[in-house]
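Hydrogens, waters and symmetry mates play no part in the numbers below; they use all other heavy atoms, side chains included. Because the structure is predicted, anything quoted here is derived from the model rather than measured.
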Amino acid sequence: MPSIEMLVMLCVFAAVAMLAFAIMGIFAPRPVSERLKQVVGHGASLDSEADWQHKLVRMMGPFAKIALPKDGWENSPLRHRFMHAGFRGDSAPLLYFAAKTILTFTLPGLFMLYTGLRSVPLGLNSVLVILLVLAAIGYYLPNFYLARRIKNRQRDIFEGFPDAIDLMMVCVEAGLGIDAAISRVAQEVGLKSPLVAEEFHLVSLELRAGATRERALRNLALRTGVEEVDLLVAMLVQADRFGTSMADSLRVHADSLRTKRRQRAEEATAKIPLKLLFPLIFCIFPSLLLVLLG
């Protein structure tokens, strides 16, 4: 049909145009950057990110502008979700919205290219429905990845947090202050849980930079998004404010965290028979029945 051929031509044109803009963004000369590199030195790096990350950000920058909100999104829940996922760089929003834009147009474009090359007989209504579904999948796919990463990261933090609290309690009982105990935990717990060590290291850096203890702990709860960490921060702030024993408070909180971790493990174990029920009914029992009948 002429309409389908027109859609295929438009998708091919859009794909070629995006590829051309990407190549131009990567290999286009930048006199300012080259001049700065000559001033600083060829061996020095102007940014902590790798070169391929710079190229990827430069390539996806124009696509991110299509979906990137104009203003006010820095204080939105999406910004907090980036922190919960561990994305703290300035390039994370650009890559996220660029991925949404590219996937939204790429999946329908690939489908149109496939149907055009294979001459698949489809009606116009069917093609439009499939294109809308593929565009929706491409648009929401980065959301699913972000949610999955947040869930895995929060689970790792929760599983490693009781051990860190135990170590902090030992340090406080040995005579260290709470600031020194946080710094010590950041050094020692890295082998067991690198994420927890990284978060405590950031708290230690904020304390060294002059931030108040309450502010640094509140930032820890904001970065992780874990409810148990928020409860720990509230407990430490109250113990510091009212002058109660830090060691006793940490011991009680560590016991409650270990209990929650054991309960979650028992809950996951109890779900195994239910999860195995459907594969047994639909996959294993029919084949076993055929073997017995044979």
Side-chain angles (χ1 to χ4, degrees), residues 45 47-50 52-53 80-89 91-92 145-211 213-237 239-240 245-269 271-272:
S45 178
D47 199 354
S48 59
E49 295 181 345
W52 68 271
Q53 291 178 334
H80 296 164
R81 288 174 61 84
F82 283 144
M83 290 190 294
H84 297 166
F87 298 136
R88 303 188 182 94
S91 60
Y145 170 75
L146 185 63
R148 185 69 177 176
R149 183 179 174 88
I150 291 174
K151 182 180 179 181
N152 293 337
R153 190 171 186 272
Q154 289 180 345
R155 182 192 61 194
D156 295 340
I157 291 176
F158 172 77
E159 291 178 354
F161 216 71
D163 301 328
I165 300 304
D166 288 334
L167 182 58
M168 186 184 298
M169 179 188 65
V170 172
C171 294
V172 171
E173 289 181 346
L176 292 178
I178 188 66
D179 298 347
I182 291 175
S183 178
R184 189 67 179 177
V185 169
Q187 297 176 7
E188 298 295 336
V189 83
L191 295 176
K192 177 64 171 58
S193 179
L195 293 177
V196 176
E198 179 184 0
E199 294 297 337
F200 275 99
H201 181 63
L202 291 176
V203 175
S204 179
L205 291 178
E206 289 183 2
L207 293 174
R208 293 178 185 177
R213 185 183 303 168
E214 181 178 357
R215 183 71 266 168
L217 293 174
R218 297 291 184 189
N219 291 336
L220 172 64
L222 183 64
R223 286 193 306 269
T224 56
V226 181
E227 182 181 359
E228 288 73 15
V229 179
D230 196 4
L231 295 176
L232 171 67
V233 169
M235 183 268 298
L236 291 177
V237 171
D240 189 17
S245 176
M246 285 285 185
D248 295 338
S249 302
L250 290 173
R251 183 180 293 106
V252 172
H253 194 74
D255 292 337
S256 65
L257 285 180
R258 282 194 298 270
T259 303
K260 288 184 179 180
R261 184 171 62 179
R262 184 177 66 253
Q263 290 176 350
R264 287 193 179 184
E266 293 174 355
E267 180 183 0
T269 305
K271 291 180 180 178
I272 292 178

Kindly give the heavy-atom pair with the smallest separation between [X] and [Y], and that separation in Å.
X: V229; Y: A221; value: CG1-CA, 4.1 Å
X: A181; Y: C171; value: CB-CB, 3.8 Å
X: G160; Y: V196; value: C-CG2, 4.0 Å
X: Q154; Y: G225; value: NE2-O, 3.3 Å
X: A186; Y: H201; value: CB-N, 3.6 Å

Atom [atom1] in [X], atom [atom2] in [Y]: separation rounded to 0.5 Å?
X: I150; Y: T224; atom1: CD1; atom2: OG1; value: 11.5 Å
X: I165; Y: M235; atom1: CD1; atom2: CE; value: 6.5 Å
X: R81; Y: R149; atom1: CZ; atom2: CZ; value: 13.0 Å
X: D179; Y: R213; atom1: CG; atom2: CZ; value: 4.5 Å
X: H84; Y: H80; atom1: NE2; atom2: NE2; value: 7.0 Å
X: L250; Y: L167; atom1: CG; atom2: CG; value: 11.0 Å

Flag the pair [X] / [Y] as yes when at least one side-chain heavy-atom distance between them is below 4.5 Å, and no otherwise.
X: E159; Y: L195; result: no
X: R251; Y: D248; result: yes
X: R218; Y: E214; result: yes
X: F82; Y: L146; result: yes
X: M168; Y: I182; result: yes
X: T259; Y: R262; result: yes
X: F161; Y: R261; result: no

How would you list, by chain and number, every residue that makes a side chain to side chain donor-acceptor pair (under 3.5 Å) with R184, sequence neighbours excluded? E188
With Q187, which residues qualify under side chain to side chain donor-acceptor pair (under 3.5 Å), at least two apart? none
For R258, give me all partners under salt bridge (charged side-chain N to carboxylate O under 4.0 Å, His left out), at least two apart in sequence or on another chain. D166, D255
Could you check whether atom CZ of R215 has more than 12 heavy atoms from other residues, nucleotides or ligands sitting under 6.0 Å from it? yes
Okay, side chain of S204, backbone of F200: is any donor-acceptor separation there less than 3.5 Å? no
Any salt bridge linking E199 with R153? Criterion: basic side-chain nitrogen under 4.0 Å from a carboxylate oxygen. yes
